[in-house]
> 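Sharing a structure below in structure tokens format, with a few things to ask.
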Amino acid sequence: MSAVAPQASPTPIAARAPQRVDAWWVRPVLTVIVLAAFVVYATWAGMQNAYYWADPYLSPFYSPCLAANCAHSDVALFGDWWKWSPAILILWAPGGFRLTCYYYRKAYYRAFVWAPPACAVPDARAKYYGESRFPLILQNVHRYFFYLSIPILVFLWWDAFRAFRFADGFGMGVGTLVLLANAALLSLYTLSCHSCRHVCGGGVDRFSKHPTRYRLWKRLTVLNERHSQIAWVSLFGVALTDLYVRLVAMGTIHDLRLF
Amino acid sequence: MARVAKLRIWRGDASGGQLHDYDVPWEEGMVLLDVLHVLQATQAGDLAVRWNCKAGKCGSCSAEVNGKPRLMCMTRMSSLDTTQPITVAPMKTFPVMRDLVTDVSFNFEMAKRVPAFKPPPRPPDGKYRMMQEDIDRVQEFHKCIECFLCQDVCHVIRDHPENKKVFAGPRFFVRYAALEMHPLDTNDRRELLKEQMGLGMCNITKCCTEVCPEGIKITDNAIIPLKERVVDEFFDPVRWVWSKVTGGGSKEG
């Protein structure tokens, strides 16, 4: 094996570690586009206060509908004095659950805060304290949003089963399948949550003394390994479910009855 | 058939350095470390590079290849775009000693600060007992080869070296997790993790997991569970009240 003569002129660099030359910026850019689009759509849909009920389908952005001014309400905890969109009463909980989610934190710290934008790409900030100080120390409330998400899931499943009850009796439409899929995806997202995994068994040191929690932890770990994929799919799912109900309610499309 | 790779290697010492270009022949089956050995043998006998096992188990040949932290012995030449120059630089997070060799003693200082394993008093028959399911989880953490790529890529100390005083880093969070989750350990390191080891500084961007050559899920299986355990103790009022009522403490058995 013969060596080729070394080059005589060294290449000076300012920094010791050269930067990545691959397209590391693609993922943060896509994340910004998708998350920003979702936030804009969800805010618009939640504030619109219309076209969220297309009998028997209720948009997940308005479920449970807690105000008396709802187009369809199961639990009218807020009376006629509530004049605004009923989505405001509920969207903060699933929104907070996603905002403090360990996976989404990774996604938006990279994409929006550039801390760091990608691995081995310099952090955009001169000083860094992470989640050790206010306000980001509040991320530690994630498990409370997890607890709050459980009753919301119950309502979403109730909405999905109610979607079989049409004015003319029992039936199934495409919307029924959409609501079922949405409830299933959001259930998977909630159950694959890191806080759920910890509360159900992760905090235990001796699994042999807690066999039920161990089995639960093992099953949740399988889901947890796919948390990031489930997070994206369920995000698209909930937005598309609202869009479907909205378009049916507006009369733009007609719900196809399967039986 | 030998092909020629254009290597762009950072050479220098603590006082400074620069990239040098070398054309080095390589053959199918070679890893980057092989090519550096060819370079050492034929053109740059004074090139400093740390290596040992050439099998991805000693954790010695950590470097930054095209800007990404990697083990050179586990980087196949066929996985790199050899039509472009291949940049090899020392780990950025640690002080350079010479060429590709860095001073990783920061890690050994952090290792000294980990409170040791503390088992309970021996039972009457003198034998400690653990079941397999008790230790399956921590065995993942024992795969760590201490290559320190996770420490290198962690932006908390990579881009903010001032944090080295207050941040243990992913490698040691793995060590803390192995101890905290150990069925026979009785030490409680949660306050230490929160107050002195900088667990809260980790913003879980998972770069440590991405670069781990052993495939340890550092963030999901070590750091986040540790964060949750810290939440148990310091950020969960319901759990705190419950532990006061039951007198059981916030640490589960």
> Checking A:Val141 against chain B: side chain, backbone, both or neither under 4.5 Å from a heavy atom?
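It is neither, since no heavy atom gets under 4.5 Å.
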> Can the ring centres of B:Phe173 and B:Phe167 be said to be less than 6.0 Å apart?
yes
> For B:Asp152, which of B:Arg70, B:Lys92, B:Arg158 qualifies under salt bridge (charged side-chain N to carboxylate O under 4.0 Å, His left out)?
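Among B:Arg70, B:Lys92, B:Arg158, the one meeting salt bridge (charged side-chain N to carboxylate O under 4.0 Å, His left out) with B:Asp152 is B:Arg158.
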> Does any backbone or side-chain atom of A:Tyr128 lie under 4.5 Å from a heavy atom of chain B? Answer side chain, backbone, both or neither.
both
> Could you tell me which portion of A:His227 (side chain, backbone, both or neither) has an atom closer than 4.5 angstrom to a non-hydrogen atom of chain B?
neither
> By number, which residues in residues 95-105 of chain A have some heavy atom less than 4.5 Å away from chain B?
A:Tyr102, A:Arg105
> Cys pair B:Cys154/B:Cys207: SG distance under 2.5 Å?
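Answer is no, sulfur atoms not closer than 2.5 Å.
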> Please examine the side chains of A:Leu185 and A:Phe236, heavy atoms only from C-beta on, and report whether any two atoms are closer than 4.5 Å.
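Not touching, per the 4.5 Å side-chain cut-off.
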> Looking only at heavy atoms, which of residues 177-187 of chain B get nearer than 4.5 Å to chain A?
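Within residues 177-187 of chain B, the residues under 4.5 Å from chain A are B:Glu180, B:Met181, B:His182, B:Pro183, B:Leu184.
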> Check this for me: does any side-chain nitrogen of one of B:Glu133 and A:Lys218 sit under 4.0 Å from a carboxylate oxygen of the other?
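No, this pair does not count.
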> Can you tell which part of A:Ala107 gets under 4.5 Å to a heavy atom of chain B, answering side chain, backbone, both or neither?
neither
> Heavy atoms only, distances under 4.5 angstrom: which of B:Gln84, B:Glu228, B:Met131, B:Lys194 has the most pairs with chain A? Name it, please.
B:Glu228
